[in-house]
Participant: 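The structure follows.
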Amino acid sequence: MRTSICELLDIDVPIFAFTHCRDVVVEVSKSGGFGVLGAVGFTPERLEEELNWIDRNIGDYKYGIDFLIPASRIEEDDTEKLKAMIPDEHQAFIKALLAENDVPELPPDYVGHLASAEDGATIGDRPIEMLRTTLEKHKKISFYANALGTPPPEVMELCRSHNIRVAAMAGEAKHAAKHKAAGCDIVIAVGGEAAGHTGDISTLVLTPQVVKEVSPMPVLAAGGIGSGAQIAAAIALGAQGVWTGSLWLPTQQSELTPIQRSKVIASTSKDTVRSRCMSGKPNRMIKSGFTAAWDADDAPEPLPFPLQYLLTSDAAERFAHFSIDEMVSYPAGQVIGMLNDELSVRQVVQSLMEDYIDAVERVAATLEL
Ligand SMILES: Cc1cc2nc3c(=O)[nH]c(=O)nc-3n(C[C@H](O)[C@H](O)[C@H](O)COP(=O)(O)O)c2cc1C
């Protein structure tokens with residue numbers, strides 16, 4: 001399963017894993033693929049701890065980092081000023097959801113796996129500053145992915161100065177053209193079935209359009225990849241590899257709370273929804289009482305990024321921490337309908353490779369008939 005992207009990043013198989021979990025990063029890179037840590041939910045101090053841990057445990061393998069630096073957002077760097085922009089109606093709506101479900105406050109010494117929107121890598125220039133510190137200190141990072149738009153020139157320059165390969169996400173071919181013009185090395189074509197921020201064009205339709213737009217630049221197909229046959233399909237569509245996220249959620253190493261994990265394992269492909277209720281931008285996540293409440297006729301319209309995220313991140317953490325089953329959600333893609341076992345990361349990579357070989361043999365056999 002080698003493609004040109006394997007040379008570019010010195011990896012054995014073109015399987016990229018996006019995750020908020022350091023163990024998954026290490027295990028995927030050590031299995032021959034490429035682990036990428038999503039930094040959005042970490043404070044600067046916590047990110048430093050996670051990266052030090054990865055550096056100590058990953059051996060001579062390399063890994064990547066992903067920051068959410070949106071092309072469009074409210075241009076305000078002061079968290080207090082941003083919070084003051086949240087209308088009373090929205091504050092009251094969240095308060096009522098917490099009260100209806102009897103959700104207590106988080107304890108004062110509480111530290112969740114992911115930081116709140118206020119403390120994480122979301123506001124103003126904080127993500128760029130965190131990226132700068134990260135690239136200066138962590139030399140096993142060889143790749144940067146920019147979520148939610150073309151990386152700003154400052155980020156491109158920073159990555160170039162550290163010899164880092166840069167990727168950006170595209171939900172439409174025209175996004176891919178912008179990433180190419182900005183000098184990115186790789187485009188990730190993210191289909192509408194994907195977890196997290198996504199457009200509404202399916203991977204099967206989007207990938208060949210993005211490939212055509214930026215060829216010979218390498219493209220990774222993302223959204224709905226859960227088996228080796230789907231990797232084979234991505235390669236057949238012209239992609240040089242795959243970018244996966246949901247696949248790692250039910251693994252033994254992932255960051256999920258027990259309730260989030262059991263929801264992922266029990267969900268069908270109809271149990272996710274694309275909603276602006278978490279961050280203000282369309283984000284695919286597990287359906288819950290929380291997503292339904294924002295869908296109701298009397299709900300306020302979600303706010304633009306990052307206001308909605310500032311409004312909701314504490315509530316989401318409280319629902320998860322206090323196991324309010326009905327209200328718990330998490331970003332997840334339609335592929336979770338295929339993910340019903342709690343395997344180790346290594347077992348997942350192994351089974352992807354075996355299934356890929358079977359799929360390629362099935363396709364090759366069509367030429368012999
Ligand atoms: C829990 C979770 C959180 C995510 N957060 C981010 C993020 O911060 N930045 C990003 O670029 N993509 C994020 N994504 C999306 C992934 O990068 C990827 O595009 C997506 O998971 C691919 O589709 P799939 O889930 O069907 O594999 C997230 C995905 C998951 C599952």
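Just so you know, ligand 1 is whichever comes first in the structure, and atom 1 is the first atom listed for that ligand. Note that these values count all heavy atoms, side chains included, but never hydrogens, waters or copies made by symmetry.
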Participant: Between F18 and W248, does the ring centroid distance fall short of 6.0 Å?
Facilitator: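 Aromatic pair excluded; centres sit 6.0 Å or further apart.
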Participant: Check M169 against ligand 1 and report side chain, backbone, both or neither, counting heavy atoms closer than 4.0 Å.
Facilitator: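 Looking at M169 and ligand 1, just side chain atoms fall under 4.0 Å.
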Participant: What atoms of ligand 1 come closer than 4.0 angstrom to any heavy atom of G223?
Facilitator: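 That gives atoms 22 (C), 23 (O), 26 (O) of ligand 1.
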Participant: Quick one: does A332 get within less than 4.0 Å of ligand 1, heavy atoms only?
Facilitator: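 It does not, in that no heavy atom of A332 comes within the 4.0 Å cut-off of ligand 1.
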Participant: Considering non-hydrogen atoms of the protein only, which is the closest contact for atom 7 (C) of ligand 1, and what is the distance?
Facilitator: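 The closest one turns out to be F18 CZ, 3.2 Å.
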Participant: For atom 17 (O) of ligand 1, what's the nearest protein heavy atom and its distance?
Facilitator: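 Scanning the protein heavy atoms, the shortest distance from atom 17 (O) of ligand 1 goes to W243 NE1, 2.9 Å.
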Participant: G38: heavy atom below 4.0 Å from ligand 1, yes or no?
Facilitator: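 No, G38 has no heavy atom closer than 4.0 Å to ligand 1.
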Participant: Between the main-chain N or O of L135 and the side-chain N or O of H138, is there a donor-acceptor pair closer than 3.5 Å?
Facilitator: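 No, because the side chain of H138 does not come within donor-acceptor range (under 3.5 Å) of the backbone of L135.
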Participant: Please list, in number order, the atoms of ligand 1 under 4.0 Å from a heavy atom of A147.
Facilitator: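 Listed by number with element: 9 (N), 10 (C), 11 (O).
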Participant: Is there a donor-acceptor pair under 3.5 Å between the side chain of S344 and the backbone N or O of Q347?
Facilitator: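 At least one qualifying donor-acceptor pair exists.
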Participant: Give a yes or no on whether a salt bridge exists between R362 and D358, defined as a side-chain N under 4.0 angstrom from a carboxylate O.
Facilitator: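 Looking at R362 and D358, the cut-off is not met.
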Participant: Considering only NZ, NE, NH1 and NH2 on the basic side and carboxylate oxygens on the acidic side, decide whether E193 and R274 come within less than 4.0 Å.
Facilitator: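 A salt bridge is absent here (no side-chain N lies under 4.0 Å from a carboxylate O).
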Participant: Please determine if A195 has a nitrogen or oxygen closer than 3.5 Å to a nitrogen or oxygen of ligand 1.
Facilitator: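 It does: an N or O of A195 is found under 3.5 Å from an N or O of ligand 1.
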Participant: Should Y330 be counted as touching ligand 1, given the test is an N or O pair under 3.5 Å?
Facilitator: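 No; every N/O pair is 3.5 Å or more apart.
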Participant: Would E50 and R46 pass as an ion pair if we require N to O under 4.0 Å?
Facilitator: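 Yes, charged N to carboxylate O under 4.0 Å.
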Participant: Which word best sums up how the rings of H113 and F42 line up, parallel for under 30°, tilted for 30 to 60°, or perpendicular for over 60°?
Facilitator: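 Ring orientation, 0 to 90° scale: perpendicular.
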Participant: Answer yes or no: is there a donor N or O on one side and an acceptor on the other, between the side chain of T133 and the main chain of E129, under 3.5 Å?
Facilitator: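 Yes, the answer is positive, given that a donor and an acceptor are paired below the 3.5 Å cut-off.
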Participant: Before accepting this row, confirm whether a basic side-chain N of the pair R276/E301 lies closer than 4.0 Å to the acidic partner's carboxylate O.
Facilitator: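 Yes, R276 and E301 are salt-bridged.
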Participant: Can you tell me the protein heavy atom closest to atom 2 (C) of ligand 1 and the distance?
Facilitator: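 Sorting protein heavy atoms by distance from atom 2 (C) of ligand 1 puts P331 CB, 3.6 Å first.
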Participant: Can you find an N or O of G245 that's nearer than 3.5 Å to an N or O of ligand 1?
Facilitator: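 Yes: some nitrogen or oxygen of G245 is under 3.5 Å from one in ligand 1.
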Participant: Any non-hydrogen atom of T244 lying under 4.0 Å from ligand 1?
Facilitator: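 Checking ligand 1 against T244, which is what was asked, there is a heavy-atom contact under 4.0 Å.
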Participant: Under 4.0 Å between a Lys/Arg side-chain N and an Asp/Glu carboxylate O for E7 and R2?
Facilitator: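 Salt bridge present between E7 and R2.
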Participant: When you measure from atom 9 (N) of ligand 1 to every protein heavy atom, which one gives the shortest distance, and what is it?
Facilitator: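 It is D66 OD1, 3.0 Å.
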Participant: Would you mind listing which atoms of ligand 1 come within a distance below 4.0 Å of any non-hydrogen atom of V40?
Facilitator: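 Ligand 1 atoms under the 4.0 Å threshold to V40: 8 (O).
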Participant: When only distance counts, is E255 in polar contact with ligand 1, meaning an N/O pair under 3.5 Å?
Facilitator: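 No, there is no polar N/O contact under 3.5 Å.
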Participant: With the threshold set at under 4.0 angstrom, would you say H20 reaches ligand 1 through any of its heavy atoms?
Facilitator: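 Distance cut 4.0 Å: H20 passes for ligand 1.
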Participant: Can a donor-acceptor pair be found, under 3.5 Å and without considering hydrogens, that links the side chain of T268 to the backbone of G337?
Facilitator: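 No; judged by distance alone, with no hydrogens or angles, the pair does not exist.
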Participant: From the options A189, A194, G192, G120, select the one whose nearest heavy atom is closest to atom 23 (O) of ligand 1.
Facilitator: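 Closest candidate by heavy-atom distance is A194.
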Participant: Looking only at protein heavy atoms, which one is nearest to atom 25 (O) of ligand 1, and how far off is it?
Facilitator: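 Going atom by atom, the protein heavy atom closest to atom 25 (O) of ligand 1 ends up being S246 OG, 2.5 Å.
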Participant: Is there a polar contact, in the sense of an N or O pair closer than 3.5 Å, between G224 and ligand 1?
Facilitator: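 Looking only at distances, the answer is yes, because the N/O contact criterion of under 3.5 Å is met.
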Participant: Side chain or backbone, does E193 bring an N or O within less than 3.5 Å of an N or O on ligand 1?
Facilitator: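 There is no such contact.
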Participant: Show your reasoning for whether ring-ring contact (aromatic ring centres under 6.0 Å, His included) applies to F34 and Y61.
Facilitator: CA-CA 9 Å; F34 198 81; Y61 293 91; over 10 Å; no
